[in-house]
Structures are given as C-alpha cells and as structure tokens.
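Since this is a predicted model, take the numbers as computed values, not measurements.
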Amino acid sequence: MPTTTPPKPFDPALAERGQERWRQEAAGAADEEVRAWAEAYADSADGRALIDAVCGNSPYLGQSLTRELPFLRRALTDGFDAAFADLLRTVEADSAEERNTDRLMTTLRIAKRRAALLIALADITDTWTLEQVTGALSDIAETSVRMAANHLLRRAAEAGTLTLPEPQRPWIGSGLIVLAMGKLGARELNYSSDIDLIVLYDDAVVQTPQPDNLARTFIRIARDLVRIMDERTRDGYVFRTDLRLRPDPGATPLAVSVSAAEIYYGSVGQNWERAAMIKARPIAGDPEAGRQFQRILEPFVWRRNLDFAAIQDIHSIKRQINAHKGHREVTVNGHDIKVGRGGIREIEFFAQTQQLIFGGRDTRVRIAPTLLANKALCAVGRVPSVAVEELEEAYRFLRRVEHRIQMIDDRQTHQIPADDAGVTHLATFLGYGDAEEFRADLLSRLGRVEDRYAELFEEAPSLSGPGNLVFTGTDDDPGTVETLRGMGYRDPSRVISVVSTWHRGRYRSTRSGRARELLTELVPTILNDLAKTPAPDEALVKFDGFLGRLPAGVGLFSLFIANPWLLALVAEIMGTAPRLAETLSRNPSLLDAVISPDFFDPLPDRAGLEAEYRRVLAGARDFEDALTLSRRWTNDQRFRAGAHILRGITDGDRCGPFLADLADVVVPELARRVEEEFAARHGHVPGGAWVVVAMGKLGSRQLTITSDIDLIVVYEAPPEARMSDGAKPLAPNEYYIKLTQRLTNAITAPMADGRLYEVDMRLRPSGNAGPLATSLEAFTGYQSKDAWTWEHMALTRARVIGGDLQLAAKVEAAIRAVLTRPRDPDKVLWDVADMRRRIDKEFGTDNPWNLKYARGGLIDIEFTAQYLQLRHGHDHPGILSIGTATALENATAAGLLAPEVGAELVSTLMLWRRVQGFLRLTTEDTLEPGQVSPTLLEGLSRAAFPAPSPGEDPAVDFAALDARIRGIAARAHAHFVALVEEPASRLPPPETNEEARLP
C-alpha cells in the first residue's frame, strides 16, 4: 500500500462524486472479497485521501479508478511492481495465440487502461521513480505492439502471402522490423504519449510465395498495426501511433523495404533523422533483422569522420531556434513545457547534438535515454557536471509536470493551462498548496534549462531570425508557427511542410548534402525576403516551383550566399511579378545574366536587339530550333525589362518602345522563316507579296510585359497568278491564309520556354468573320466603304512591321488615305461617344486602378487622340501619329486642343503607362486595395511618381496614393466629357449606329 500522502483534490465536489461512485461500484461488485475490500478501503484515511486525490484532480483517472476495482485491489494489495509484472504476463498469455483481431484489440485496450491507472497511482503517490514510470509506459506499449505484430504475421501466413520459418514463433525469420523511435525507443514515454514507429521489411530475408505482392503485404501489416493500436472502440484505444518518422513520409508507403531505407539514409538522410535514430530500437518483428538494420544504419548515425560542413549543419539545427541566455520572456500560462523555451526538448537536444558530433569516435556516448546520455557526455569531458546536475533536476521536474497535465483528461498535450484556474488546478495536483510557489519553481527550472541550452549557440550567429525557424522532425514547432505567422504567412503549417520537403532531397537541386547544408543557411533569409511581398504564401509556392525546376542547387545557393541582393531580387520576383516568376522558373539560368555587370545597364536600342538576335539565331539548326531560340531570347529580354521596371531603373512608359522593338525584330524574322518553310512545300505565288501590320499596343509602340500582339496580314497577287508554284500548289487567297495560320502558330505554340506572344487578329477587316489574310484590294475597299468608325480609330495605330517593302508602302498609303479622307464630324463625334458608352456598359468599373476601363483611364485618353485624328485628319494631316502622346501633342500644336488640356492628357497618359507597366508585373489582374503590401506600395509609388514634387513625401500611404490617382483620373475624364461626350449628347442619333461588335 502506498504511504506517501497524495495531493489534495482541486475540486472537492468531483472528489465527493468519486467517493459515491466508488461505493456504488463496491456495492455492485460480484466478488464478495472485492466488495468488502473496497468498502474498507474507502473508509480508511489513506483510501479516502487517494480516492479524493484521483477523482478531485483527474476526471479521466476517476472513471478508471471505479471501473477497475478488482484490478485495483490487486495493485494496492500486492504492490505496484508485482501487479504490473503480472499484467504484462497476462496480456502476453491472452494474446499469444489470439486469431481474432477484435478480441485482440479488446485485450490490449483493457490492459492499457489498467496499466495507465496503475502507473498513474504509482506516480501520484511517488512510489515509483521517473525511470520506473516511463519504463512501465514503454513496456506496455512495446508489449502491445509486439502482440499485434505477431498476430498480423500469423494472419499474413494464413492468407498465403508470407511463409514463416517457425509458425509457432511467427516473428522468427519474418523479415518484419518495427522500430520504436523517440521516447518509446529510449524507454521514456510520457503518460499520454503517442508512439513513433518505423515499419520496415528486409526484402533479403522475407519468404513469400507471392513476391510481386511483397510491398502490399507489409503495407497492409503496417496499416492494420496502426488500426489495432490507434482505433477508438468502446474500450478506448491502446496508443496513438505515428509512422511519420519513416524515410520521406510524404513520398513513401507506410512500410519501407530495408534496401529502400538504406538508399535513402545513405543519400539524403538528414542530421535531424540521425539524431532521431539515436533512440531507435527494434521492439517487434524479426529481432535478427532488426539488429542487422541497426548495423546498416550505424555509419549513417555515427559518422566516424565528421567533416566541417556536417558539423556546421548539426549546429544549424540548433541555431534555427531563438535561444537567449539570461533573458526571460517565458510566462507560465499556456507555456509548452515540451517544445517551449527551457522545455524538455531543449534538454533532449542538448544531448543529441553533441552525441552526433562526438559519438562517431567515442562509443561511450551512444546512449538513448536523455539523462544517461548527458551523464556519458560528462564522463568523457564534453559537458560540465554542474550542467548535467541542473538539467537532470529540471528534466525530472518537467516530466512530472508533463505527466500531471496529461493525467487530467488523458490528452496528448504539453501546455500549461492558459487560465489561472487551470494553473491552480495543476499546482494542486502536483501537491502544491500555493500556485505562486509552483509558478516560481517552474520558471526557475525553465530559466536554468534555457541558459544551458543557449550556451550551445554562443559559437555561431543565429539562423532563427525574429524567432524560431525549425523545420526538423514531424510535428510543427510551435515557436516556428508563431514566428511565421508574425512574418505575415497565413498558413505556417504549409510553409513548414514546403521547407521540410526541400531538406528531404526530392528535388534535383536539393539532392546533394552540400546543397541542403547551404539551403539551411539560406532559409531564414529566403523566408524573410518572401515575407516582404504582397502574398508571402503564394510567393513561397512559386519559389518552391523554382527550386523544383533547378537542375542543381549548390552553385546557385552559393551564389545567393555571396550575393544576398540576388536572393532578394528573386524573392521580389516570386512574390510580386507572376509573369517574371514563370519565366525565371522555366529558365533559372537567367540568373547568370542578372549577375553580369551590364544587366542593369540601359536597355539596348533596335540596332542592338537586331544584332543580338542575329547572333542567337545563327546557332539554329532548323526551323524548330529557331522557334525555341526565339522564345528563349525574347523571354530573356522581357525578363530583363521586367527586372528593370521592378527595380525602378525604367518604367512602363519608357519600356514600351523597347518591348515594341523586341517584337518588331522577332516577328518579321519569324515571318521570313515561316515563309521559307512554307514555300518548301507550296512554293511561292508568282509576283505575290505579303506584309504584317501591327495594331493596338504593338502598333503604337507601347507594349507591356504581358501584352498580346494585334496583327493583320495583307497580301497582293497579280490577277494572272492562279496557283503557287510548289509541289502542292495553292490558290493565292488560300496560300496566304494558310501562311498566316503558320505564322500565328509559330508565334503562339506553347513550347518548353512558353509562348512567344499571344496573337489577336480580330482587328482584321470583318473581324473574326473575315479571312485571316486580306488582299490589298479587299483591305482598301473594306476600309473605304464598310469599316465602322471604331475600326478607323484602331487604324490610327496601324503600322507595317515586316514583309515586302513595296507592298508595305502601298498599305501605309492606303491607311493614310483612309485616315485623311473627309468625314462627317458629327458622326465621328457621336460614334466615338457611343463606342465609349458601350465599353463602359460592359466593362465599367469604379476601381481607378483598372487603368484601361476606369473613367479617365487609358481608353478615355486614347479615344480622345483617335477622335481628334479622325475628325481633323483631312484638314490637318500632320496630326496623325501611331503614338497617342505624339498625336495629342500634334493636335495641341495645330490648335485643336487647348495647351493645358493637351499637356495634362499627355502627362496622365504617361502616368497610366508607368502604373500599368508595374501592375502588369505585380498583379495577376487588376489591383485591389486589399492586395497592397508595404513592398508593393513602395514600388507602386515609385512607378507612379518617380520624382516627387519639392517637399512631397514619396513614401505615401495607400489611401493618399489612391486619392491622388482618383483626382487625376477625374480630371482626364472631365476633359473627355468636355471634348466628346457632352457635345455628342447634343446631337441627334445618326441614321445608322455603330454595331456592338467590339474587337
């Protein structure tokens, strides 16, 4: 019978109800001796004190206490040691030959319930030491796993999927290995612990009549083992079971072959997995296979010759944790005594990191239990004795606290209650008369552990950043979750999962040990840089995709370490420039160009682009190769332009002509090569010619990074040319239509480096209803007789960019003739206003950042310029220009636009282009106010107003920036109203209105 005085009940009412249940159970006991004993025990001072202590502090134990009177009588009468030994013998005897899984599950659950009660009583009454308590918990877990594994091996043999050398002893020669990891492996289980297992099978040992079914057989055994242990029934559960410590659990089955495990640990096994393997112990299955596997793993766990990089990596695991010596920020309420500061994990880690470093040469420190490991390190001169003594005292105290926390409701938790009442309850259960005394004792232990643990960090700078950044093990580190959330990540668990994947070597870039060591050093910087972007979680996903496409990692990671600005640029791209991120992910070698001295020099002019493009295409082996090289080179140039915009070196307005030059160089050359390729089969149309006409943004030389290109193809063939002269002749119209199809396919076909451009041909005569290629005669006739006003508006931005020079001159002359012909000014005015009304009806928005469609935005300004050109082009042909800004300036010079209005419209147009160029990089669609992060705001402000007015603060807040943009848009809209909408409103509707067939 226990003699130590148990703690007082926290809840006297619960204790009283427990006494009542005890007497009710005693009265109903079938065994007369049990009834008499139970009544006498409840009447005794010791009995009443124990029942009050259990029922008044732990609802879970209170239920078990009255449910197991016969067993409890044996335990209290015979002593805890004898009763526990008898319990283990009984469960082994009852399970040894059990063929029915449900009955086995019942047996194991009853045994666990009784063991939990006995162990709790031995702990609460201080009858057992910590080692006895954790050892007994480990014994019942090990016995249960062993019985379940034996049962499943028999079932597999009976099903004909395994051949067992000794059916009466199914474990012998079975090849099954069940490794206990963590606390179970070290015989240190806590009261409500789950158990960490690795299930393996030795494919060189297993005997099976179904070799093709081998993996499925052991996966089924692993799955059923977890079910037997973990599934909740009316009798409860045995142990929550976790298989996530197996090699790369996200990519491997529940049971792993020894050969696969050996390859994994030998190639990409991580140092935290080495630390975990210190405590690994075979507890079920084939003992010889288990011992052999441990011998295989020995060189992985205990490296005889640790190189400097490996030692640094081990230290980096520690340095990811934000440790402070002598700096106290710990509060008792809600503190996690397992993984929080000064907690149990720090004591365990204190031993394991040093065991990894020194255990390769000194076998004396290869000890699993934490306290014994620290003593061994002390014995060989690696840890001072005072540290060992302090850590041991703290460890015993914290484990006792941990057990009491878990005993209250049998919950797998390590957190001190968050409220004061809960803390008082815990203190009472631990035997304290005053909660403040408990708080003081706990804080002093946590502080001593934290100080000793922080001593391990003094040699190297922290890798933890603003808090913990730990990505080892299988459970999310609470400190890391808190750190990531504070950095701005919405889903810290996803972040931890992604970063952990990098360390598992699934990508080519992280397959080598050196790459993973470098990445460990970089992770805090990567996460910090990505956190500065508008959507850190999405930026991380893009960065993950980037890593996944890298052919190798060591070179680039070394580059990042040597050039932190380059990593910051990549993070900025991943987080703020989706199109650039896509390009960079497809072609990581772009970063080689980024670090070249001239990458941020001014962008090349047309002549420079032409020379460079010719050099690139000189290496093309064939037509397909030319398409590939064109995409790669063009995307590289766009990437460079985007990086310049992102960094404020240029802007969307100044970059537009460069991007147009790029298309002007590439598209005509591809058209020439497409024609050559096409002519090899279909020949040429005798005397025929064709040109490519640019429209829209390309025509006006104001492309953005994401712009598609608007094209028209016009051809001319003499009347006598009936067919082309190739092996497969075609009529001229069919010839040029198919040639145009080939050109658009060459430009738009998706390849490894993406598309060259998206092509829009809806601005051709009759739009989608018309042929892809138009004869000069048909083009001229359509524009003269059938085209709508909006089509002539689009024609103001048309220019020939490639093809036959003589035909180009004819087309340009035809376009100019259309734009300078006499027009009914009222009809032009009405049609322009009506077209703007139709567009606003379909796409109108109150968001001023929708720069195309918002009132006062790009369409209003472009329509103003186009209206002026169509209305006055006959009398003032000098105002014509493909460029909107130039057209407005020409109209102003001709006296057709008030100087102040013209100047303001041009200034606003340049502003919208700058902002649009930046937003096309940084948002997938239109900017919404909720998307604006500090980083995005800084870039947006710089793009919009690169040279602040004197006395103006460039670092405005978004509300101020938004108000300023709205004011500018309102003035531009007012000019459009005054010039177009208001005068149009006074006109009667024309007899025929523009159709709503918008391009």
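Using a 4.5 Å heavy-atom threshold, the side chains of T789 and W830 count as separate. At least one side-chain heavy atom of L591 sits less than 4.5 Å from a side-chain heavy atom of L566. Put simply, the side chain of R701 reaches to within 4.5 Å of the side chain of I882, judged on heavy atoms. A heavy-atom distance below 4.5 Å is not found between the side chains of N768 and M761. Counting heavy atoms from C-beta outward, Y489 and L527 have side chains that approach closer than 4.5 Å. Counting heavy atoms from C-beta outward, H975 and I861 have side chains that stay 4.5 Å or more apart. Side chains of R490 and E538 form a contact here, defined as non-hydrogen atoms less than 4.5 Å apart.
For the 3.5 Å distance criterion, the side chains of Y613 and T634 fail to qualify, holding no donor opposite an acceptor. Judged purely by distance below 3.5 Å, without hydrogens or angles, the side chains of T748 and R755 never pair a donor atom with an acceptor atom.
With sequence neighbours excluded, the residues forming a side-chain contact (heavy atoms from CB on, under 4.5 Å) with T774 are P765, A778, F779, listed by chain and number. For D653, the side-chain contact (heavy atoms from CB on, under 4.5 Å) partners at least two apart in sequence or on another chain are D651, Q702, M910, R913, R914. For R971, the side chain to side chain donor-acceptor pair (under 3.5 Å) partners are E904, not counting sequence neighbours. With sequence neighbours excluded, the residues forming a ring-ring contact (aromatic ring centres under 6.0 Å, His included) with Y853 are F843, listed by chain and number. By the side-chain contact (heavy atoms from CB on, under 4.5 Å) test, D824 is found to be paired with D826, K827, residues two or more places apart in sequence or in another chain being considered. Evaluation of the side chain to side chain donor-acceptor pair (under 3.5 Å) rule for E669 yields R672, R673 as partners, not counting sequence neighbours. Applying the side-chain contact (heavy atoms from CB on, under 4.5 Å) rule to R606 yields the partners E610, D661, D664, V665; only residues at least two apart in sequence or on another chain are considered. Not a single side chain to side chain donor-acceptor pair (under 3.5 Å) links W912 to another residue, sequence neighbours left out. Partners of R494 by side chain to side chain donor-acceptor pair (under 3.5 Å), not counting sequence neighbours: none found.
For W788 and Y782, the ring centers are positioned 6.0 Å apart or more.
Residue pairs satisfying the side chain to side chain donor-acceptor pair (under 3.5 Å) criterion with at least one member in residues 879-896, sequence neighbours excluded, are absent. Screening residues 629-642 for salt bridge (Lys or Arg N to Asp or Glu O under 4.0 Å), with sequence neighbours left out, gives R632-D753. Within the structure, salt bridge (Lys or Arg N to Asp or Glu O under 4.0 Å) contacts touching residues 976-985 (residues at least two apart or in different chains) are R855-E981, E982-R986.
Between L858 and K697 the shortest heavy-atom distance is CD1-NZ, 4.4 Å. Closest approach of S585 to R549, counting heavy atoms only: O-CD, 3.0 Å. For P668 against A663, the heavy-atom pair with the smallest separation is CD-O, 3.6 Å.
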Before you tell me yes or no, could you show the steps for D529 and V570 under side-chain contact (heavy atoms from CB on, under 4.5 Å), namely the whole-Å CA-CA distance, both residues' side-chain angles and the distance that decides it to 0.1 Å? CA-CA 9 Å; D529 286 343; V570 170; over 6 Å; no
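Atom CD of residue E582 and atom CZ of residue F546 lie 14.0 Å apart, to the nearest 0.5 angstrom. Atoms CE and CG, on M574 and L569 in that order, are 9.5 Å from each other to the nearest 0.5 Å. Here the straight-line distance linking atom OG1 of T864 with atom CG of L897 works out to 8.0 Å at 0.5 Å rounding. The CG atom of D840 sits 9.5 Å away from the OG1 atom of T845 when rounded to the nearest 0.5 Å.
With respect to K532 and E572, no salt bridge is recorded, no charged nitrogen being found less than 4.0 Å from a carboxylate O.
Other residues, nucleotides and ligands contribute only 12 or fewer heavy atoms inside 6.0 Å of the CG atom of D846.
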